[in-house]
Amino acid sequence: MSIDWWTLGLQAVNLLVLVWILARFLFRPVARILAERREAAAAVLADAEAARAAAEAARQEAEAETAALKARREALLAEAREAAGREAEALRAEARAGIGRERAEAEAQIARLRESGQEEAAGAAAALAADIARRLMGRLPDSARAAGFAAGLAEALADLPEATRAGLGVAAPLRIRAARALSEEERRDLRDRLAAVLERPVTLDVAEDPSLLAGLELEAPGAVVRNHLKADLGRIASELARHG
Amino acid sequence: MDNPLVLEPLFRLGPVPVTAPVVATWAIMAGLALFSVLATRRLALRPGRVQTVLELFSATLDGQIRATMGRDPAPFRALIGTIFLFVLAANWSSLIPGVEPPTAALETDAAAAFVVFAATTGYGIRYRGLGGYLRTFAEPSWVMIPLNIIEQVTRTVALIVRLFGNVMSGVFVIGVVLSLAGLFVPIPLMALDLLTGGVQAYIFAILATVFIGAAVGESPSAAPRAKEEEQSP
Amino acid sequence: MTGSLVEIVSIIAAAVAVSFGALGPALAEGRAVAAAMDAIARQPEAAGTLSRTLFVGLAMIETTAIYALVIALLVLFANPFV
């Protein structure tokens with residue numbers, strides 16, 4: 001067993017030199033580059049983190065903006081809805097008012113129509129009554145169409161105010177319209193009666209008017225005294241029209 | 001057959017006899033240095049193929065040191081990595097025809113083991129102080145002091161003989177087989193030699209790590225493994 | 001045979017050292033490999049770690065045989081008594 005101490009020493013020195021060489025040229029640069037890579041990766045990660053945070057912030061901002069837009073849209077919609085509601089309400093009110101007006105008009109029209117209808121009916125009834133009365137009168141003797149009415153006319157004349165009565169038949173003869181031509185006797189009787197009422201003699205100007213049906217009518221400036229069926233029928237017809 | 005235990009000097013540098021393992025070691029040193037300089041000349045953040053391999057090696061080394069010692073691997077990386085790379089290169093240099101691996105000579109292994117021993121003592125004193133390091137010999141009690149001292153010697157000798165025996169026996173067996181059989185028969189044995197060389201380099205480096213870790217005071221988690229390794233030889 | 005008695009005994013001693021030195025590690029390696037196979041069969045996902053540890057362990061066990069081989073070589077080539 002022989003150990004070569006020179007070789008042992010040389011190998012030990014060689015190994016130490018190799019340690020130095022490799023530490024200097026291999027391990028230190030590799031460790032440095034690994035550390036650099038780690039730092040770079042950390043930087044990249046930090047960058048990515050920052051970018052992610054920025055993206056997150058941007059997203060939140062966009063979300064907020066979206067929310068704001070939504071709110072604004074909601075507000076606009078609500079406003080529009082409200083305006084539309086108001087408009088519709090106004091339109092409805094207007095329409096209601098129009099309808100009311102129309103209805104009132106229609107009602108007025110209806111009323112008018114009804115009124116005119118009544119008037120027509122009343123007119124027709126009056127005509128009918130006049131017709132009936134005429135026919136009835138046709139059956140009666142002629143005397144009945146005038147004779148009975150002289151007293152009535154005198155009474156009606158008596159009911160007139162004094163001032164009116166005083167002016168009658170002064171300037172001109174009293175104009176009498178009769179349903180038929182009066183006979184002489186009848187004319188005299190009528191003159192007497194009127195003179196009795198007026199307390200002075202009068203002259204008569206008798207005219208025939210078959211439309212009176214029966215009776216007499218005294219016409220004077222300022223007064224008309226009707227005492228005949230036409231007037232009665234007309235009063236009845238107007239009464240009917242008022243009530244009907 | 002040559003005597004594997006005796007070295008004949010190739011030439012002399014003044015009074016110093018230079019033997020074949022020394023020359024082979026110089027060649028290995030030159031090769032490793034050249035490779036290191038070339039490989040690390042332009043390192044980039046975006047690594048090339050060689051740089052990726054280097055970084056993988058460095059990261060694995062760091063991981064092993066951290067797992068074994070439970071410490072930051074930076075102060076030990078150069079020593080452990082150099083020992084591993086040198087032993088590996090020396091073991092595998094037997095592939096080159098005419099070259100006998102330097103680790104097949106007892107002196108080279110002894111030099112490596114003594115470097116490890118010196119590093120163990122040096123790191124222990126640096127991390128614990130001289131008193132603190134000497135006190136570790138009295139653990140767990142003062143009765144253990146002689147045993148601990150003997151252990152320091154025996155484990156260094158075991159380190160030497162393990163590496164020397166494995167590499168030398170490989171060379172020896174290949175020489176015997178070559179002298180007996182012809183051309184292709186030694187190839188499987190050489191492949192086995194490669195495997196043995198790699199495993200022995202790993203074992204040498206990891207045992208160095210364990211010794212240094214035990215000397216500097218490892219974290220509790222690494223302690224059981226360190227004891228286990230120390231008992232095995 | 002002109003060798004001295006010491007040389008004859010040295011050669012016999014070397015053979016005995018290697019043969020018996022190889023016995024124990026062979027048995028140990030067999031047990032280790034069997035245990036590793038069993039473990040891999042139980043936990044195929046841990047095959048990588050197991051086989052790596054197995055190789056290191058086998059190298060450690062083999063070292064015992066190597067010690068015997070070194071002693072044999074010492075006896076043969078560096079015998080202090082020759």
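Just so it is clear, the structure is predicted and the values come from calculations on it, not from any experiment.
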Does Phe57(B) have more than 12 heavy atoms from other residues, nucleotides or ligands lying within 6.0 Å of its CZ? yes
Contact residues of residues 69-78 of chain A (partner chain B; heavy-atom separation under 4.5 angstrom): none
If I compare all heavy atoms of Asp109(B) with all of Thr103(B), which pair ends up nearest, and what's the gap? OD2-O, 2.7 Å
Can you tell me if Trp26(B) has over 12 outside heavy atoms packed within less than 6.0 Å of its CH2? yes
Any chance you could lay out the salt bridge (Lys or Arg N to Asp or Glu O under 4.0 Å) test for Glu107(A) and Arg103(A), step after step, and finish with the verdict? CA-CA 6 Å; Glu107(A) 275 173 5; Arg103(A) 191 190 295 154; 5.1 Å; no
Would you say CD of Glu87(A) has more than 12 non-hydrogen atoms from neighbouring residues, nucleotides or ligands within 6.0 angstrom? no
Tell me whether the guanidinium CZ or amine NZ of Arg71(B) lies under 6.0 angstrom from the six-membered ring centre of Phe76(B) and within 45° of its axis. no
Between Glu82(A) and Arg86(A), does the salt bridge (Lys or Arg N to Asp or Glu O under 4.0 Å) criterion hold? Intermediate values first, please. CA-CA 6 Å; Glu82(A) 198 179 329; Arg86(A) 267 202 313 273; 3.5 Å; yes
Glu56(A) CD: over 12 foreign heavy atoms closer than 6.0 Å: yes
Between the side chains of Thr19(B) and Thr7(A), does any donor sit under 3.5 Å from an acceptor? yes
Leu61(B) portion near chain A, given a 4.5 angstrom heavy-atom threshold: side chain
Contacts with chain B made by residues 16-24 of chain A (heavy-atom distance under 4.5 Å), listed by residue number: Leu16(A), Val17(A), Leu18(A), Val19(A), Ile21(A), Leu22(A), Ala23(A)
Derivation of the side chain to side chain contact (heavy atoms under 4.5 Å, CB included) call for Ser94(B) and Glu100(B): CA-CA 6 Å; Ser94(B) 66; Glu100(B) 189 168 300; over 6 Å; no
Chi angles and distances behind the salt bridge (Lys or Arg N to Asp or Glu O under 4.0 Å) call for Arg101(A), Glu105(A): CA-CA 6 Å; Arg101(A) 214 163 42 239; Glu105(A) 267 175 32; 5.1 Å; no
Let me know if Ala39(B) has heavy atoms under 4.5 Å from chain A in its side chain, its backbone, both or neither. neither
Under 4.5 Å, heavy atom to heavy atom, which residues of residues 82-91 of chain B contact chain A? Thr82(B), Leu85(B), Phe86(B)
If the condition is side-chain hydrogen bond (donor to acceptor under 3.5 Å, both in side chains), which residues does Glu89(A) pass it with, not counting sequence neighbours? Arg92(A)
Applying a strict 4.5 Å limit to non-hydrogen atoms, the region of Val22(B) in contact with chain A is both
With no hydrogens and no angle check, do the side chains of Gln11(A) and Thr25(B) hold a donor and an acceptor under 3.5 Å apart? yes
Classify the ring geometry of Phe137(B) against Tyr133(B): parallel below 30°, tilted from 30° to 60°, perpendicular beyond 60°. perpendicular
